[in-house]
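After the structure tokens below, expect a handful of questions from me.
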Amino acid sequence: MTAEAVAFVGVAVVLLGSSLAVVLTPNLFHSILYLAVALVATGVVFLLLDAPFLFGVQLLLYAGGVVTIVVFAIMLTERLVGRTIRQASRYLINGALLSVAVFAGVAGFLVQAPLAGARPGVSGDLTLAVGRALVGAFAVPLELLGVLLVIALLGALYFARSEP
Amino acid sequence: MPLGAYLTLAALVFAIGLFGVLTRRNAVGILLGIELMLNAVNINLVAFARFSGDLGGILFTLFTIAITVAEVAVGLAIVIVIFRVRRTVEADHLDLLRG
Amino acid sequence: MSGLAPFALEAGIGVVLLLVFGAGLLARGEDRRFVAWLATTGVLAVGVLAMLARPAGPALGGMFVQDGLAIFAKRLFLAATFIGLLAGLSLTDRVFVRRAGEYHLLILTSLLGMMVLASARDLILLFLAFELMSIPLYVLAGFLKRDAAAVEASLKFFLVGSVSSAVMAYGLSFVYGATRTTDLARIAAVATAGDPLLTLGLVATLVGFAFKIAAFPFHMWVPDTYEAASTPFVAWLSVAPKAAGFVALFRVYFEGAGDRAATWVPVAAFLATVTMLAGNLMALPQQNTKRLLAYSGIAQIGYMLVGVAAASASGTAMVLFYLVAYVFGNMGAFLVVEALARSEGSEATTAFRGLAQRSPLLALAMLLFLLSLGGIPFVAGFWAKLYVFWAATERGLYWLVLLGALLTVVALFYYLLVAKRMYIEPPDRPTRVPVAPTLALSVALCVLGVVILGLYPKAVVMAAMRVASPLF
Amino acid sequence: MIPFPVLSVITWAPFVGAVLIMFLARHSPLAVRLIALLTTSISTVLSVFIFVVYDREAAGFQFYEKLPLVPPLGISYEVAVDGMSLLMVLLTSVIIFAGVFASWTVKSRSQEFYALLLALVTGVYGVFVSLDLFVFFLFYELAVLPMYLLIGIWGSSGEVRPRGIFGWAFRETGVGTKEYAAMKLTLYLLFGSAFILVGIFALYVTAGTGSFSFLELEATTFDPRVQFWVFLAFYVGFGILAGIWPLHTWSPDGHASAPTAVSMLHAGVLMKLGAYGVVRLGMGLLPDAAVELAWLVGGIACINVVYGALSAMAQTDLKYVIAYSSVSHMGLVMLGAATLTEAGLNGSVFQMFAHGVMTGLFFALVGLVYEKAHSRAIFTMGGFGRAMPGIATAFTVGGLSSLGLPATSGFVAEILTFMGAWRSAHPWWLVPAVAGTFLTAVYVLRVTKQIFWGPPSPHFDHLEDARGPEWLALVLLTGVIVVFGLVPALAIGPVDTATVPILTRMVKP
Amino acid sequence: MRVGSAAVALVVLGLPFASFLLLALVRPLRRSAVAAATVSITVMVAAVVAAFWLSWRARPLELLQSPSTTWSWIPADGGPMATVGVMVDGKSMAMCMLVTFVSLMVQLYSWAYLHDEPRRSLGRYYAYHSLFAFSMLGLVLAPTFLQMFVFWELVGLCSYLLIGYWYDRPSAARAAVKAFWITKLGDLGFVAGIVMLWAAAGTFDFWELFRLAHTNGLPPAGMPLIMFLIYLGAVGKSAQFPLHIWLPDAMEGPTPVSALIHAATMVTAGVFLVNRAFPLFMLVPDVLTLIAWVGAFTALLAATMACVENDIKRVLAYSTVSQLGYMMAAAGASAPDAGFAHLLTHGVFKALLFLGAGIVIHVFHTNDVFRMGGLGGQPWLWVPFVLATLALAGVPPLPGFFTKEAILGGVFEAHLTIPFVMLAVTAFLTAFYMFRVVFLAFFARGLGDSHAHHHVPPLMSGVCWTLAALSVATGVNLARQMLAGAHHEGAPAWLPAFSLGLAGAGIVLAWAMYRRGAIDPARVATVLAPLDWAARRGYGIDAVFAGLYRGALLGFSRVVGWVDRYVVDGLLNVFSAWTLRAGDRLRRLQTGLPQDYVYGVALGALILFVLAQWRMK
């Protein structure tokens, strides 16, 4: 077993474990913390895939941004309701069955797929290439992404603020 | 590790996310499930990008992450507004509209 | 400037967006309806521009393409949006008066998303445009944020939408993985039929489209959202994003796929079958007109999927024609419901009682829309259904056509029930139904569309044929 | 030929009338009627004109007009008549002309009534004259749809008690009301049109000529398997309209609920449209399948004849009796066609005409009786002959035609059908056919006797005979029945020129 | 064989039709009784003249020349499918004379008889009469089976209309319908038969068919069935057992109508049919035998019923049935000419009987023979009736004797012993029941005396005397022929005496019972109680038909009607209800719970995965 494999297994275990915890733990706040773990673990997976830049983005945007928003949301709602929100699960078995079935559906394709291709070497500076692409061919999409973020913000604001 | 391992890992995370969406009663919890699902997409994309040596996947991941954030923002806003109107975030209680 | 030519329409919408944004910022006071007028005029202007637009080559390294299909679709979006906004001008609820800026910004952004989607030939741009189109809709659905039902509908819409887009993104990742490119043109070239990863990817992607076009069983957000959200928005929601969904579907599955497109026949046929069945059957017991139209709309999607199942140039063209017919028929029906709900305070089908004797023209308009939706000759919907069936017959999908045609009968049952309320039952009170001028104008536009297409479908059919044939 | 587009004028004149009525005659009921009368007169006069000038020697399709609509798809507005459609056009004219008079007294919303009625008639004419299958289908739908409103608004409800093991379904569907009848009729017929549509498309696609033209499709020989299925589709689709058993149940309810002129048109002409479709498209385009499936068509027709007559006998509502008699007679029409003989097919087409006029007369009379007596319950009526001798006479003439009494057109049709039946591949068809005429005699005379003869019923007074315009309808229809009964060659001459080519294609030498 | 001019025949045929059209279409004419009667009678006079002219100018027929002239009626590709025209041979000319003459007589008589009728409806009466004359003439002149059937049905129609002339009476309305139904029942066979014959021979034309029969051109296998079916038509129309039940009821019509239609002309159409088609019947000896048996049986059966009947018109009706049986038996015994001769003579004297009966009914206002009598002092009333009775009973030199004797001879010759015996008994019974009527209606004492001097319009008695004179003249003529040696060859010499003896015995018995009182009718009835009981009830045949109609036909129709409404239509409603319910069920999938919607998406995705997997393979 190579070091990479060991690392992969380790990260995978953490990722899957924390993911399961996210969906199973009764305390919503704990869920978020586990989500943060899962997101970080994903970042580590990115590292294993030689994408350190994405690791950073993941850490900043996701683990940082998303988790913070969610925490805010929870705090807000908890403050409004005045007690800790516990969360329960519904129809665990049905959900589990369906999820497993979907996984099996995906796996059914995966096992048939020729995935034997070897991992090519890393060529050049990924970050630089990404940067070039974003101001090059992907400049327009990037603009649109900006519009999207603005409009999402606008929408969120519209909802979140209480009208007089 | 081979590509298959990453894909399987992503598929598992995806399934777990789906499970969360299906089973959590709290709207925020459901959102977390969606996050996991999108996370799996990112693992997939990066793995494919790495194994094919193509930049597209990385860019795709970047966009996905950003879009996810936007989605989460809107989603949480909806949760909050729902909470304000209905005084609950339990999804099971939201059945005014049916049939 | 020639480099910008392909983006002219998007740029136009961008300008309108900025204008609306600016106007919203500068506006003082409670009444901001002039913003709405601004947005409507802007869309009209861009619409006129769209009429002048000519196909241009691909831009952004092939990522964006302004071909015939894109222009056709964009004209459609703009027309639908214009009618929707025009009808929305008559909204007098406080929230629409005060928040006209937000409302129109959201609609315009979504429109921008659609337009980009129609031109997107890159997975990344496609997904981005898809989300750009969808996310504002979630907000718009709950725009009446004091209304418990509206926000609930918004949540459902959001939930189903984001799960679907997650699945779609997951699928796109596999498409990318299987072909090692995000460029649809290259994907079409590289793709080999029967590649498991590609199949998985395309199927999962289909989930996203199926959600957007509201095919069974991805339709479940539709009735709730339609019922709760404001009607002019719903009228628009029921047509424009669906049209966008179909156009994107054509791009991903058909463009350049040639014969391999036929691989999708059984899947599309399956979706068409269940969607037609479920939509028509579930519409039967509805008492709320908007819900009724929602389910009927789902059924309509089923019919369009019959055309998709044909997986041919003519099938695609017929779906495009169907979309045009559907825009006028469905929007018109919703707008009549809006007019009536405004005066009767009810969206139930009983509000239509005796309408023919109260306001004969409004009743006639509604009848025309219903007949169009039902697929009756001499109104647009007839040709739409017929052409779609025709295309499917050419594929040999006789059973699907027969099923579709038989289900039309079921559909007529509930359409005729509304007609019955209007024409056969006596009115509860004799007064005319007042209709705001802008609303009346938009209804009239829809009537025109339905009738003209019904009497002279040739022009649009030919145009659709022209833009669809290069896909194969 | 004649440069004047006579068929188009016949077809569209009523439609123009409908439009004029909608827009010009808002507040004048008399103007509504006059416009209706004028436009239908135009059609009627021209129908008689083409009937007279049709070149019986040359035969084939005449008065041909063609106007390409969508050339790339092979759709064109292509109309012409041959001997068979000629007669059907004449029938339509007779019925609508009489129908306009028969509904002269419609009180509420007469503007819409006449507009819808005229639109419907355009559809009927269109079906009979279209040579392009696509346009044929368009007209077909146009002929079916106005029915819903016509029955729904101006119809009358009956009472049907939910009984039997399916009683629950009766409660759920609201059997008996006019809304139910209207919905049932419309949906059932459109259900049939679904099959027709698929059949037409299948022909179009498999022929590969890229044209919907009947003439071009006729020249194509289709694969037997295609023929088989398409014929079945046509048979079911058109058969529903023709009231074949067991798909006939829309007809009694629909006809009983419909207002007079609509019943007249529907039973008189629209049901013929179904039979016409089977003969024209089914047999004309799919000769091999028609031969192969003749046993089915004829067998079911036999059931129709006997079953319809027995059902008619069991009814206590006058309109239902007439409606079921249509089911029975349409059985004879289909039986004649299924014999695949010259006599049978001529008889079938002639029966379409004969039954159309006869049942039109019947429904006009029932409408009049209802208007005067406000009752349709046969067994409460009696002795009306004293107060309304004209109606009684016309009813008797209709009844006699219905039971196939010689000197009425019904006889000629029946005897030809019998002749065809015995010469067909299934001679036993003669038995139910003949039995049907006896059963018809039983129920028709029973009803006639009950209502018009015998001592006057105590439930009714102030009865009066038909008046003014109503007379016109009765005299016209009665006259047609007798004249064509005495001189059948008037109709059979041209019909024969149309049926023989169909037969020669089916029964190859 | 002789043939008449087709043109003149058409005139004979066309005159009454023109009169009918005039009366039917010209309303003032119809509403004015005098004008209507004048038109009808005038036209009839012309028709009589034309008919006699037709016969007078007839010329001998060349060998193998067709006596018919035809025109196309129903066209077809290879020549007409059916033709119409006239066939003017000896039979049809004789019938023309009979029909027109009796029609004229009856129309004249009716004018007086129906004098009390509402004037408005008399026009209708005469219109029907004209129509009847036209139809009957068309029937006898028909050169084809199909045309014969056409007129056959038309005379049925006239019969229906005239029986129901007094439609206010429930019994009349019912009798009219019954007559139509029962004859129609026979006509089913007729029409089926001619259709089958057409299919076999390719023509309806008598002359063609005879030629084919002559040259063995007809398939022998189907002929018995075909001819039997055609015979069924005659059974219905000529009131043969078991379809005879309509004729007594038909007496609900006005008496002149009974005289014309239900005695002299229409009911003999069946006999005429068998005669007309005799060359075809000759091909099927079995059917002929059947005809003879049925005829003889009918004759006997009807005679027994006549013996116990009190209604004078019904007695005459049974007697008609009985005599029709005679005629049929003759045809069945291959002696059609005898039957035809009887038809002609019977036509005259039976019409006379009815018209005479009409006079007594007119006098007594009742049909019941037991409430009549006392007319012995008024011979101008009873002489024609008694003459006709004697003719019917078979007393020479009246015509009935000769024609009846010829029939008996023919049957005897054909070695149909049992039918012969039945017919002989019938001859005896005929004399008996007819004289029973004579003695009761005219010569009984007491009851009717008060009406004895009732005025009888001279027109009525004049018509009766005319007919009586004609009858006697015919008889004398026949007697002359017989004496001149035209006696039927081969018949036994004792037959005339035997026949006369039977008649005499019947008369004597009637005299003894009803005039002299030597035998008490009640005692006879007790002795023959079962027979009496059954005969009074028409042997239950009516009841059987009524039972079949009510129980089988109406009952079954109710079942079918129920099945149609509640099963066939019920199933449709079930499908509709199921569709609605399916919609409702499906609608419940839409639970309103957000996550259930996600289930939808996930399941949908899963189904698509599976579908795609399956397609990939």
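First the proteins, then the strands, lettered A, B, ... as listed; each starts at 1.
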(Q) With heavy-atom distances below 4.5 Å as the criterion, would you say the side chains of E:Q590 and C:D224 are in contact? (A) yes
Q. Distance from E:R587 atom CZ to C:L284 atom CG, nearest 0.5 Å?
A. 10.5 Å
Q. Counting only heavy atoms not in E:W578, do more than 12 fall under 6.0 Å of its CH2?
A. no
Q) Which value, rounded to the nearest 0.5 Å, describes the distance between E:F609 atom CZ and C:L206 atom CG? A) 10.0 Å
Q: May I ask you to test the E:L608-C:L271 pair for a side-chain heavy-atom distance under 4.5 Å?
A: yes
Q) Taking atom OH of E:Y549 as the centre, does the number of heavy atoms from other residues, nucleotides or ligands within less than 6.0 Å exceed 12? A) yes
Q: Kindly give the heavy-atom pair with the smallest separation between C:W221 and E:Y597, and that separation in Å.
A: N-CD2, 4.1 Å
Q) Side chains of C:Y295 and E:L586: does their closest heavy-atom pair fall under 4.5 Å? A) no
Q) Which of these passes side chain to side chain contact (heavy atoms under 4.5 Å, CB included) with E:P594: C:K156, C:E152, C:M220? A) C:K156
Q. Rounded to the nearest 0.5 Å, what separation is found between the CZ atom of C:F413 and the OG1 atom of E:T579?
A. 9.0 Å
Q.
For chain C, which candidate among E:I607, E:L580, E:D584 shows the most heavy-atom pairs at distances under 4.5 Å?
A. E:L580
(Q) Under 4.5 Å from any heavy atom of chain E, what part of C:F270 do you find: side chain, backbone, both or neither? (A) side chain
(Q) Ignoring hydrogens, what is the shortest heavy-atom contact between C:P217 and E:G604? Give both atom names and the distance. (A) CG-CA, 3.5 Å
Q) Does some side-chain heavy atom of C:V207 sit less than 4.5 Å from a side-chain heavy atom of E:V601? A) yes
